[in-house]
Amino acid sequence: MRKNESDPAKPTSVIFKAAVALILVVLIGMSLLGVLSYSVYDAKTELIGRSFNFEVDRKAMEFEREVRLNLEIMFALRSGLALLPEVNRGVFHELTADVLRRAPAIHGFAYAPWLEDKDRADFERVMQTEFSAFELTQVSGNGGTDTASERSRYVPVQYIEPLKLNRAALGFDLASEPNRLAALRAARLSGEMVATAGLTLVQETENKRGILVFTPLYHGNPTTPQERRAAHYAFINGVYRIETLYKQSIGAVASGNFLVRIIDVTDGIEDVLFASGNPRDERWRSDMARVEILPDVAGRQWAVEVTPTEEYISSQRGYLPTLIMVSGSLLLVLMASYVLFTVQRNNELRKTKQELEQVSLTDGLTGLANRRHFDQYLEQEWTRAQRDGLPLSLILIDIDYFKPFNDEYGHPAGDECLKRVSDVLRTVSRRPGDLVARYGGEEFALILPQTDTAQTVAEACRLAVEALSIPHAASGTAPVVTVSAGVCTLVPQPGMSPGLLTQSTDVALYEAKAKGRNRTHMMKVASVDIEKTRTQGDNPT
């Protein structure tokens with residue numbers, strides 16, 4: 001009998017192999033699908049992080065902008081008060097009332113003189129003619145106020161606006177509390193705005209945090225700590241609510257998806273000034289909290305900490321599509337669109353920040369660089385010139401007899417004169433690296449890097465102003481508006497500071513005015529004893 005040639009094991013083997021191959025294909029497909037799904041999941045996770053980081057950057061930038069805008073108000077108020085011969089209750093109210101209505105984050109403005117102990121009784125007696133119960137006070141042990149103890153000096157609140165809301169602070173000695181006293185001393189010696197650490201305000205009825213910002217007032221324009229100590233006479237005190245700063249910036253568009261905390265991290269010590277919610281709430285994803293450090297805030301270091309909720313993360317992640325390839329393609333399009341949107345928004349925010357920085361460095365009347373911009377640019381160019389061994393020139397220009405001009409023609413005409421002079425100075429100095437700034441009042445300054453022909457430029461400026469032919473009947477030099485200019489050029493050496501250049505140029509300007517005005521004078525630093533020259537007499541006005 002012959003053996004059957006059809007092997008029943010063969011079809012079984014083929015089916016088995018096909019099944020194994022199918023299983024392998026399925027396993028490989030599932031693996032690839034898993035890898036692809038994980039890649040999409042991982043990409044989405046990264047995108048969520050990027051989106052959250054953008055939210056943190058945006059919130060920090062908005063809060064920083066609000067703080068900067070409110071601090072700029074202090075600069076403007078200081079400039080206004082510095083021009084007044086005296087400060088009284090009516091004048092202080094007039095200067096601050098409208099500002100306080102427009103700036104809700106500022107709880108109040110106070111004017112506080114530097115008072116010696118020997119003058120305390122007379123000061124209280126004079127103030128009692130306006131406020132019968134006026135006296136110098138300090139914080140008591142139970143949190144209230146007591147009569148101020150005897151000290152060598154006081155910084156009492158003499159005027160405060162709005163008075164109705166802040167009457168409790170009237171007469172309060174700011175120097176009686178260590179936190180405030182440290183800020184007062186720092187502001188007095190530096191000439192800059194200085195903020196206190198977070199505190200509960202004397203006039204605040206609720207337990208909410210705020211800060212005090214002090215800016216000093218001086219007679220003249222002192223430049224050294226010793227000169228500032230001698231010329232100082234009072235402080236302007238701005239009272240800021242942290243909660244209102246938050247509401248005016250981040251809080252205006254905030255949602256419950258984020259916990260925002262404003263933290264003072266000066267000297268590495270964290271002090272929470274404000275929190276938008278309860279940090280102990282379990283819904284916050286503390287592992288995803290991000291901190292953005294802000295630039296200097298009146299001598300303090302602040303940070304904005306943002307923590308998302310689990311709901312926010314889940315809502316951002318969504319569900320994986322059933323058809324991963326189709327949804328993956330759509331996701332790539334959405335990711336590209338979102339990245340473009342993110343870049344565009346970042347550019348817009350960066351542009352807005354640059355514009356705000358430009359505004360803070362520009363003189364509002366003339367459009368020239370202001371004194372802050374001048375100081376920064378001089379420091380920058382001084383360092384560059386010292387490094388490269390190149391000359392750096394400075395020109396200081398003063399409009400001759402400008403006070404009589406204002407008296408004769410009025411302040412609107414004086415403002416127009418300043419604008420026309422600034423325009424002509426801008427046209428004379430055309431190099432990209434040159435800076436024309438309003439140095440103060442009727443004074444202008446030109447910083448000329450890599451220039452050893454500055455006197456020629458100064459003379460061109462003088463002739464150009466004279467050529468404007470602005471009538472000046474009150475001038476003692478010419479029938480038209482003229483200027484005097486001081487010039488100094490030097491190559492910065494180790495051990496020198498930019499102050500040497502500004503002092504030398506100031507001496508040169510003094511010489512130009514002393515010799516009859518409407519002229520330029522070049523100062524050679526090596527041949528001049530600056531301090532001796534500056535003490536020979538006051539500059540002519």
Novice: For I269, is there any backbone N or O sitting under 3.5 Å from a side-chain donor or acceptor partner on D267?
Specialist: no
Novice: Compare all side-chain heavy atoms of L378 with those of T502 and state whether any distance is below 4.5 angstrom.
Specialist: yes
Novice: Could you report the tightest heavy-atom contact between R261 and A275, atom names first, then the distance?
Specialist: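 Answer, listing the atom of R261 first, then A275: CG-CB, 3.9 Å.
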Novice: Kindly indicate, with the supporting measurements, whether the criterion side chain to side chain donor-acceptor pair (under 3.5 Å) is fulfilled by T244 and Q248.
Specialist: CA-CA 6 Å; T244 310; Q248 290 293 112; over 6 Å; no
Novice: What residues, two or more places apart in sequence or in another chain, satisfy side-chain contact (heavy atoms from CB on, under 4.5 Å) together with L365?
Specialist: D363, D415, L418, K419, R438
Novice: Taking the six-membered ring of F214, is the NZ or CZ of R188 close enough (under 6.0 Å from the centre) and on axis enough (within 45°)?
Specialist: no
Novice: Taking only Lys NZ, Arg NE, NH1 and NH2, and the carboxylate oxygens of Asp or Glu, determine whether R65 and E62 approach each other closer than 4.0 Å.
Specialist: no
Novice: Under 3.5 Å, is there a donor-acceptor pair linking the side chains of R371 and Y439?
Specialist: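 Note: R371 and Y439 side chains meet the donor-acceptor criterion.
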Novice: Would you indicate whether the side-chain heavy atoms of P308 and N257 approach each other to under 4.5 Å?
Specialist: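 N257 does not reach P308 side chain to side chain.
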Novice: CZ of F75 to CE of M193: how many Å apart, nearest 0.5 Å?
Specialist: 4.0 Å
Novice: Please check: side-chain N/O of Y240 versus main-chain N/O of G108, any donor-acceptor pairing under 3.5 Å?
Specialist: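 Not confirmed, Y240 side chain does not pair with G108 backbone.
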Novice: Is atom CD of Q450 surrounded by more than 12 heavy atoms (other residues, nucleotides or ligands) closer than 6.0 Å?
Specialist: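 At most 12 heavy atoms, drawn from other residues, nucleotides or ligands, come within 6.0 Å of this atom.
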Novice: Ring-plane angle category for F274 and Y246, please: parallel below 30°, perpendicular beyond 60°, tilted otherwise.
Specialist: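 The rings of F274 and Y246 sit tilted, inter-plane angle from 30° to 60°.
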Novice: Please test I250 against R58 for side chain to side chain contact (heavy atoms under 4.5 Å, CB included), starting from the C-alpha separation and ending with a verdict.
Specialist: CA-CA 9 Å; I250 304 173; R58 182 172 65 87; over 6 Å; no
Novice: Can you tell me how far the CZ atom of R420 sits from the CG atom of L425, to the nearest 0.5 Å?
Specialist: 12.5 Å
Novice: Is the shortest heavy-atom distance from the side chain of M288 to the side chain of T307 under 4.5 Å?
Specialist: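 No, their side chains stay 4.5 Å or more apart.
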Novice: Using atom types as modelled and distance alone, determine if a side-chain donor or acceptor of R430 lies under 3.5 Å from a backbone N or O of T427.
Specialist: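 Yes; judged by distance alone, with no hydrogens or angles, the pair exists.
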Novice: Check A82 against L217 and note the closest heavy-atom contact, atom names and distance.
Specialist: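 Taking A82 first and L217 second, the nearest heavy atoms are N-CD2, 4.4 Å.
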Novice: Determine, step by step, whether R78 and T215 satisfy the side chain to side chain donor-acceptor pair (under 3.5 Å) criterion, reporting the C-alpha distance in whole Å, the side-chain angles of both residues, the deciding distance to 0.1 Å, and the verdict.
Specialist: CA-CA 7 Å; R78 179 174 70 176; T215 185; 3.0 Å; yes
Novice: Determine the minimum heavy-atom distance between A105 and L245, stating which atoms define it.
Specialist: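 Minimum heavy-atom separation between A105 and L245: CB-CD2, 3.5 Å.
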Novice: Is the shortest side-chain heavy-atom distance between E381 and Y377 below 4.5 Å?
Specialist: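 Answer yes - side chains close enough.
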Novice: Do H107 and N166 touch side chain to side chain, with heavy atoms closer than 4.5 Å?
Specialist: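 Touching, per the 4.5 Å side-chain cut-off.
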Novice: Do Y233 and Y218 pass the ring pair (Phe, Tyr, Trp, His ring centres under 6.0 Å) test, and can you show the C-alpha distance, the side-chain angles, and the key distance before you say yes or no?
Specialist: CA-CA 6 Å; Y233 66 91; Y218 303 102; 8.0 Å; no
Novice: Examine distances only and state if a side-chain atom of S51 and a backbone atom of L47 form a donor-acceptor pair shorter than 3.5 Å.
Specialist: no
Novice: Do side-chain atoms of T383 reach the backbone of E379 as a donor and acceptor pair under 3.5 angstrom?
Specialist: yes
Novice: Is there a donor-acceptor contact under 3.5 Å from the side chain of D388 to the main chain of L390?
Specialist: no
Novice: Under the side chain to side chain donor-acceptor pair (under 3.5 Å) test against R300, which residue among D271, T196, D264 passes?
Specialist: D264
Novice: If I take atom CZ from residue R180 and atom CG from residue L199, how far apart are they, to the nearest 0.5 angstrom?
Specialist: 5.0 Å
Novice: Quiz question: by atom type and distance under 3.5 Å, do the side chains of T451 and R431 form a donor-acceptor pair?
Specialist: yes
Novice: With heavy-atom distances below 4.5 Å as the criterion, would you say the side chains of W302 and V67 are in contact?
Specialist: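 Result yes, sub-4.5 Å side-chain heavy-atom pair found.
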Novice: If you measure from CD on Q380 to CD1 on I447, what distance do you get to the nearest 0.5 Å?
Specialist: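 These two atoms lie 9.0 Å from each other.
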Novice: Closest approach of W382 and M496, non-hydrogen atoms and distance?
Specialist: CZ2-CB, 3.4 Å
Novice: Report yes if some heavy atom in the side chain of L273 is under 4.5 Å from a heavy atom in the side chain of E243; otherwise report no.
Specialist: no
Novice: Checking Q301 side chain against L294 main chain: does a donor-acceptor pair fall under 3.5 Å?
Specialist: yes
Novice: How far apart are the C-alpha atoms of D173 and V155, what are their side-chain angles, what is the distance that settles it, and do they pass the side chain to side chain contact (heavy atoms under 4.5 Å, CB included) test?
Specialist: CA-CA 5 Å; D173 179 19; V155 184; 4.2 Å; yes
Novice: Quick one: does NZ or CZ of R290 land under 6.0 Å from the six-membered ring centre of F52, within 45 degrees of the ring axis?
Specialist: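 That pair does not qualify as a cation-pi contact.
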Novice: Under 4.0 Å between a side-chain nitrogen and a carboxylate oxygen: does that hold for D423 and R426?
Specialist: yes
Novice: So which atom in L446 and which in S429 form the shortest heavy-atom distance, rounded to 0.1 Å?
Specialist: CD2-CB, 3.9 Å
Novice: Look only at the side chain of R241 and the backbone of P104, and say whether a donor-acceptor pair between them is shorter than 3.5 Å.
Specialist: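 The answer is yes, because a donor-acceptor pair under 3.5 Å joins these two groups.
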Novice: Apply the test side chain to side chain contact (heavy atoms under 4.5 Å, CB included) to residues L184 and L174: give CA-CA distance (whole Å), side-chain angles for both, the deciding distance (0.1 Å), then the verdict.
Specialist: CA-CA 8 Å; L184 289 167; L174 299 172; 3.9 Å; yes
Novice: Is any side-chain heavy atom of L259 closer than 4.5 Å to one of S276?
Specialist: yes
Novice: Keeping the roles fixed (side chain from H232, backbone from A234), state whether a donor-acceptor pair exists under 3.5 Å.
Specialist: yes
Novice: Could you report the tightest heavy-atom contact between G210 and I242, atom names first, then the distance?
Specialist: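 Scanning both residues, the minimum pair turns out to be CA-CG1, 4.0 Å.
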Novice: Indicate yes or no: does D98 engage R102 in a salt bridge with an N to O separation below 4.0 Å.
Specialist: yes
Novice: Tell me whether the rings of W114 and F235 are parallel (<30°), tilted (30 to 60°) or perpendicular (>60°).
Specialist: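 Rings of W114 and F235: tilted, 30 to 60°.
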Novice: Measuring from S79:OG to N370:CG, what's the distance to the nearest 0.5 Å?
Specialist: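 Going from the OG atom of S79 to the CG atom of N370 covers 9.5 Å.
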Novice: Give the C-alpha distance, both sets of side-chain angles, the deciding distance and a yes or no for side chain to side chain contact (heavy atoms under 4.5 Å, CB included) between V291 and V304.
Specialist: CA-CA 6 Å; V291 176; V304 176; over 6 Å; no
Novice: May I ask you to decide whether E72 forms a salt bridge with R372, counting only side-chain N to carboxylate O separations under 4.0 Å?
Specialist: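 Result for this pair is yes, salt bridge flagged.
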Novice: So how far is it from R89 CZ to Q158 CD, rounded to the nearest 0.5 Å?
Specialist: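 Separation between the atoms: 11.5 Å.
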